[in-house]
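One structure is given below, represented as structure tokens, and several questions about it will come after.
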Amino acid sequence: MSAKNTVGSYVGQAIERQEDAALLGGQALFSDDLPIAAGTLHAAILRSPHAHAEIVSIDTIAAKALPSVAAVLIGSDIQQYSDPFITVLKRPIDEWSLAVDRVRFVGEAVAVVIAEDRYKAEDALDLINVIYKPLPAVINPKEAAKENAPILYPEAGSNVLSERHFKYGDPDGAFAKSKHKVSIEIDYPRNSQTPLEGYVVVASYNKFDDAYEVNANFQGPYTVHPVMSRALRVPGSRFRMQTPAHSGGGFGVKQAIFPYVVLMCLAARHVGRPVKWVEDRLEHLTAATAAPNRIIQAEAAVQEDGRVTAFRFVQLDDYGAHLRPPMPGPLYRQHGLMTGAYDVPNLAITNRLVLTNKTPSGMVRGFGGPQIYFAIERLMHRIAIELGMDPLDVIRRNLVASDSFPYRAAGGALLDSGDYQKAIDLGVNDGGLDELKRRREKARAEGKYYGIGYAAIVEPGQSNIGYLSTIVPFKERQKAGHKGGSVSHATIHVDPMGVVSVTADCIPQGQGQATVLSQIVADQLGLKPEDIKVSLEHDTQKDPWSLATGNYSSRFSSATAVAAHLAAKKVREKLIAVAGQALNVTTDDIELTGGKIVDSKNPENFLKFHRVAGLTHWEPGKLPTGMAAGLSETASWAPPELDPPTEGDQINTSLTYGFLFDYCGVEIDPHTAEIRIDKYVTTHDSGKLLNPLIANGQIYGAFAWGVGCALLEEFAYGEDGSFLTGTFADYLCPTSVEIPEPQILHMETPTPFTPLGAKGIGEGNCMSTPVCIANAVCDAIGAENVNLPIYPAKLLPFIDREETAPPQDIALSQRQQTPDGGRAIVGEGNIFAPTDPETVWQTLLDPRHLAAIIPGCQNLEVVGENAYRADVNIAVGPIGGMFRAEISLSDLDPPKSVTLSGSLAGPLGSSAGSGKVRLTQEENGTRIDYTYSVEVSGKVAAIGGRMLDGASQVLINQFFKRLIVRLGGEPIEKPTLWARFLRLLGFNR
Amino acid sequence: MKPVPFDYVQAQSTEEALACLKDSDRNVRVLAGGQSLVAMLNLRLVRPNLLVDISQIESLSTIRQSKDILEIGAAVTQAELKQWPGLAESVPQLSMALPFVGHFQTRNKGTVCGSLAHADPSSELPLCLAALNGSVVLQSARRSRVLNAAEFQTGMLSTACQPDEMIVAARYPISREGDGFAFREVARRHGDFAIVALAAFVTESKIRLGIGGLASRPSVREWDILSEQELDEALNAFAWQLKGSDDIHATARYRRELVRRLGRQVIEEAKSARTKE
Amino acid sequence: MRELKSDRQHKITFTLDGRQVSGDAEPHLLLSDFLREKLGVTSVHVGCEHGVCGTCTVHIDGKAVRACLTFAVQVGNRRVDTVESLSNNEGELNDLQSAFRKHHALQCGFCTPGILMSVEHYLRHNSDPTESDVRDMLSGHLCRCTGYVGMVRAIMETAAKRKSGI
Ligand code: FES
Ligand code: FES
């Protein structure tokens, strides 16, 4: 680098990252790699297999008896030392760090084992016996909002915890006057960016001080710090939170670690030793967190020319089983910005927040943006279709005008700067939209399905920490005190040898923030970035922090980066003052450059940087009057634009607002309906780019997750509440083959609200890409709407409306098997017994026989009339385990038919089902027909969803085959109609 | 996510391994590449008392070609088979299917026979075994037997392999002059288990089509050469017979549709592969 | 035939990153845990423990495999190499590592050690891969941060340079 280094020369450069060498060489230490105190114990968590159940009893005796186990804690134990988490809404919805009396989602923590190591802790989990009384579960948010729905918190009276209506301008008038009303309903799924590193907590308790110490890969926001300390019943000063320098991805998700932080603190207190817990992948996918799924009815009032005069949104946001702070953030983060990139003066919003029996929602990259932009941009696309216009024309007609910045949006967002039309011109021209349109024409002419989709969105950066208070009416806000603003901190320390170190409050998760801070500070101090040592491990006991501390809402570039810039300026000013005195020149003439502090009028007159820094330490007495000795400066930064919500509920939800314009071409395979992204162009105006290499990295990463959300990723649940995506083979993260390389275009309109001019950049594509792809898919196949994730099976009906009918003989033999929408496994079969129906009947009703027929049955006990309990060892192929079984026979119609019902519970999960058995006398014996329906929940459902049908079939077949053997026969299945038909034709199976 | 405790033997010979399997009081599992088994162990879905590691047995690490069959020992990895010179000529269908089996990294350790033993209804190697009517050699301390695919594959994750037996080799028939093959697979994500996998094998006088992913084990139909319309009807019947089921990745209808649409394509491809030779 | 009992520690001696080392393990101890917990090789990361994410990838006898699907007792007398073998003692990164840095192929870096080990094995046998070959090989890994763009560039560049002997 040039020695003549002027201020501002590193910021804006694509500098390679400071962080990388240690990461590439394997020396960087992540949470799980940090040294721990000798004697640290390890925790494992027992989790609910049920979506909704009462906890009848928990037997931990056998688990506690293992020599390696130090303790087993259950809900009632932790209640002694802790309080429920405070929630944003004051409602009777208490959640503790372990379930108390009731579980409300699959994966909810029920007990924690503390043992010598994780292997032994998991051995102990297998020995804990929990009896549950299952309750009806509710998964669908619309169902949950109904009056007769199963209620998660009966004390709250309803699953709908909050409902607010907002009006800005005159939406009703605008709709009444409008020529067209265009509407769409979207159902945005649950997903999460699932960092590759799971949660890690190491906690200890100092009984003499009644103080907790934690090292965890928590990412903030530190609004949650008081939530944790209050749950632990200690002041913040006695709850020390440390975070490591490296974290294996965050994406918001590592906020939701906090219940486990509290749990491990309590565990450490209980055993009197430090306790470490490392979340595994099954735990993470099942129970960590997810972005809330949301149903939005979106409507636009539109004039003849495509101009939108009003939007109306009715939102139902599903937070899962508990409302964990800072939820329901996603419902309000965009509140000031519900009109997106458009100049729409009239706006109506209804926000409803509902609980369901799913994993509690939390922060996930995009944080409300993906959901609302899916509605807005799909709506713009629909407007174009309904008015017969080009979608891009509809977008352009409605954009906020270039000369209107700063622009106050209807909901209160103060859009800082931009030129949206120009950004679109850039995207259209440099991205080659015309060529893409030609490609579409050509493909369509060849009979292919090809579509183009657009999205134009505004990307918020740095949240106003008061926005969530908009959820309560103005009067209540007045009572509680108005909330707004956002504070960030950075500290620069220069030691006597002139070595510069920086600490700050950004809690990085891989974004390269150390590198960017080194660029910013180097520029101010006339040094090189590699001269600046940035340490971002954070310690609430030593580092400045505020409620806003953390890594979220794209706050870094307009928050912490600015604080570091301001701190560096303070150091610079001090150095100039000291040097001015030493060099005997007026401070105005002094420059910091190339490691020197120079009299710009006479470059021969200079001091080395470290000499001047040294003076502040070595000769404090000689410093200019009033100047503090040493060279350590902390700056805090709180942008004044972030006001609390107004009386009219207007709220400037974020500080900076970038602009994105995306478009893409997709092709759908006419045979398989597979989706291929042919080309993707994303144009960004994120203000000043602090480091273009890193900025593009953020875009590539957000885009990749956007593609994942569009095509692959979803936390899936059965209607019964069972969770179905517990492994990375079920929850599908895109690989290098699914992610094309997008073309990135930049323009830079600095924000006037910060001295650096940079805006957020890391979340935009999470918001724009899913809807852009959905628009393209709809364009390709002419669908009115399509829900995410878009996979081929969903598109098939658009390509081919009717399925080829089965040949007649097969149609006759196959009845409709799958009940609509249900995830229950259903099946049927028949088998032949060589005895008369009466004997079969007697065998089925005799417990001794039954014990021999039930696969793997041990100690069958009679618990009532035709009701039994047994331990069964069930195996399908190599997979197996012990279950507690309850079996009963009902609807007895001897010797014709009977209903067999039962349930299973064990470490692999639980299941309930029933079957109807019919006996028909035949020539040499009895024909046994059976139909069954089974529901499975817990671990096996979460990881083996794909195989449950087949596995249930195997088990049921085993049962009937053993019955036949018991009756002295050979287990030969009667060939079904089609099998007989096949044999006739000589087919081999 | 840690396995239960178990004892472990690294067998040095097939005899040693079989001796371990004789112990009927214990739940003994054979470990070869472990790419499915260890994942299931980690999830505690499988809880053995004893694990017998056969991956280091020299005599099981060979691929042998005779006039009619390619015999693949139980310790041969998928990568070794994929790189085996001449595979594309001797068993073309395997060389077409292997790139779809897991990933580069899992093929380095995963074995061919392990995949057959695991009997996942969507996986490629069992499908090829069924489509080509290959066989497996099962051995126990007391006997050795050869089962063809139809006898061996009994259902979801289930095979005819008895507790005291293990697969010592898989046998895939060598392609003959005038045979044509094709393989196709649709998965939601690259390298995943198939939603539907299709393996076609066409000779001068017959068509064989194997389908994975619909039923609880690979399913095969064999037809004499059919007219276009007959083929469509046969494929439609096949699709409906297999039914398929709905899950989070696809619908039953989608699966059937792939049988109809891609079934036709792979058969055409296999036919044209024939004529090319 | 030696049966290793479940409740005992067994001494495993093997070559780790070129040095002969040994450590104790029960039979069910995963190689990933053994390397991390017993031998302090914390560069071996764990992302799923069921063989999908590739984070734990190391070389056993020169081949890239999942450490989470291997037991410690299986590596006795064998050679295990981790990412720590790629850079030298002076802290110099190798060409592939440097290319990763140059092309911003990592963000959090959690997936990176495993990916580097896969690529090293792959390039040894595929000196002239196409981009789609590289993407196919990379699909055995998950990265949640980068979208794979920088990685593909870095690998292509390294392959080209190695091929031409630079
Ligand atoms: S941790 Fe081994 S593959 Fe994911
Ligand atoms: S860099 Fe974070 S997962 Fe790859």
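Sequence lines set the chain letters: A, B, ... in the order given, protein chains first and strands last, and positions in each chain run from 1. Please read these numbers as outputs of a predicted model, since none were measured by experiment. The basis for the numbers below is simple: all heavy atoms, side chains too, and nothing from hydrogens, waters or symmetry mates.
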Side chain / backbone / both / neither for C:E26 at chain A, heavy atoms under 4.5 Å: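 C:E26 touches chain A through side-chain heavy atoms alone.
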Residue C:V83 versus chain A: region with a heavy atom under 4.5 Å: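 Contact with chain A involves both backbone and side-chain atoms of C:V83.
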Atom CD of C:E3 with >12 non-hydrogen neighbours under 6.0 angstrom: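 Counting neighbours around CD of C:E3, more than 12 heavy atoms of other residues, nucleotides or ligands fall under 6.0 Å, so yes.
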Largest heavy-atom contact set with chain C, pairs under 4.5 Å, which of A:G248, A:G512, A:G250, A:G708: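 Sorted descending by pairs with chain C, the first entry is A:G248.
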Polar side-chain atom of C:H50 near backbone of A:T727 as donor-acceptor pair, under 3.5 Å: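 No; judged by distance alone, with no hydrogens or angles, the pair does not exist.
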A:I694, part contacting chain C, at a heavy-atom distance under 4.5 Å: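 Both the backbone and the side chain of A:I694 come within 4.5 Å of chain C.
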Any C:F110 side-chain heavy atom under 4.5 Å of A:P195 side chain: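 No - every pair of side-chain heavy atoms lies 4.5 Å or more apart.
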Largest heavy-atom contact set with chain C, pairs under 4.5 Å, which of A:W705, A:F251, A:F703, A:F728: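 Heavy-atom pairs under 4.5 Å are most numerous for A:F728.
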Partner chain C: residue of A:D280, A:V278, A:L693 with the largest heavy-atom pair count (under 4.5 Å):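 Maximum pair count with chain C is reached by A:L693.
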Rounded distance [0.5 Å steps], SG in C:C145 versus CD in A:Q511: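 CD of A:Q511 is found 7.5 Å from SG of C:C145.
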For the student: nearest non-hydrogen atoms of A:L196 and C:L142, plus distance: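 Heavy atoms of A:L196 and C:L142 come nearest at CD1-O, 3.1 Å.
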Smallest separation among heavy atoms of C:T146 and A:Y700, with atom names: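 Heavy-atom minimum between the residues: O-CB, 3.3 Å.
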C:S139 versus chain A, the contacting section by heavy-atom distance below 4.5 Å: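 It is both, since atoms from each part get that close.
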Distance-minimising heavy-atom pair for C:S43 and A:G26: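 Scanning both residues, the minimum pair turns out to be CB-O, 3.3 Å.
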Side chain, backbone, both or neither of C:L29 within contact of chain A (heavy atoms, under 4.5 Å):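 The answer is both parts of C:L29.
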Proximal component of C:E49, with respect to chain A [non-hydrogen, under 4.5 Å]: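 Contact with chain A: side chain only.
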Flag side-chain contact, heavy atom, 4.5 Å: C:R153 against A:E741: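 C:R153 reaches A:E741 side chain to side chain.
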Check: A:S736 side chain, C:R135 main-chain N or O, donor-acceptor pair, under 3.5 Å: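 It does hold such a pair.
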Region of A:E19 in contact with chain C, defined by heavy-atom distances below 4.5 Å: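 It is neither, since no heavy atom gets under 4.5 Å.
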Short side-chain to backbone donor-acceptor contact, C:Q107 and A:G697, under 3.5 Å: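 Answer holds: yes.
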C:L93, part contacting chain A, at a heavy-atom distance under 4.5 Å: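 C:L93 touches chain A through side-chain heavy atoms alone.
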Structural part of C:S87 lying under 4.5 Å from a heavy atom of chain A: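 Only the side chain of C:S87 comes within 4.5 Å of chain A.
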Nearest heavy atoms of A:D33 and C:R36, plus distance in Å: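 Between these two residues, the closest heavy atoms are OD1-NH2, 2.8 Å.
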Check: A:Q193 main-chain N/O paired with C:R144 side-chain donor or acceptor under 3.5 Å: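 Yes, because the side chain of C:R144 sits within donor-acceptor range (under 3.5 Å) of the backbone of A:Q193.
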Shortest non-hydrogen contact from C:L106 toward A:L23: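 Shortest heavy-atom contact: CD1-CB, 3.7 Å.
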Distance-minimising heavy-atom pair for A:P734 and C:Y148: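 Scanning both residues completely, I find the closest heavy atoms to be O-OH, 2.8 Å.
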Over 12 foreign heavy atoms within 6.0 Å of CG, C:N88: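 More than 12 heavy atoms, drawn from other residues, nucleotides or ligands, come within 6.0 Å of this atom.
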Distance, nearest 0.5 Å, that separates CD of A:E197 from SG of C:C108: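 Those atoms lie 7.5 Å apart.
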C:R101 side-chain N/O to A:R17 backbone N/O, donor-acceptor pair under 3.5 Å: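 Yes, because the side chain of C:R101 sits within donor-acceptor range (under 3.5 Å) of the backbone of A:R17.
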Which atoms of C:V46 approach chain A - backbone, side chain, both or neither, heavy atom under 4.5 Å: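 Looking at C:V46, just its backbone touches chain A.
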Atom CD of C:E37 with >12 non-hydrogen neighbours under 6.0 angstrom: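 Yes, because the 6.0 Å sphere around CD of C:E37 holds more than 12 heavy atoms from other groups.
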Donor-acceptor contact present, side-chain A:R281 to main-chain C:G47, <3.5 Å: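 Side chain of A:R281 to backbone of C:G47, a donor-acceptor pair under 3.5 Å: yes, one is there.
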Side chain to side chain, C:D33 and A:Y119, heavy atoms closer than 4.5 Å: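 With C-beta onward as the side chain, the pair touches.
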Heavy-atom pairs under 4.5 Å with chain C, option from A:D117, A:L29, A:T194, A:V737 with the top count: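 Answer, by heavy-atom pair count under 4.5 Å with chain C: A:T194.
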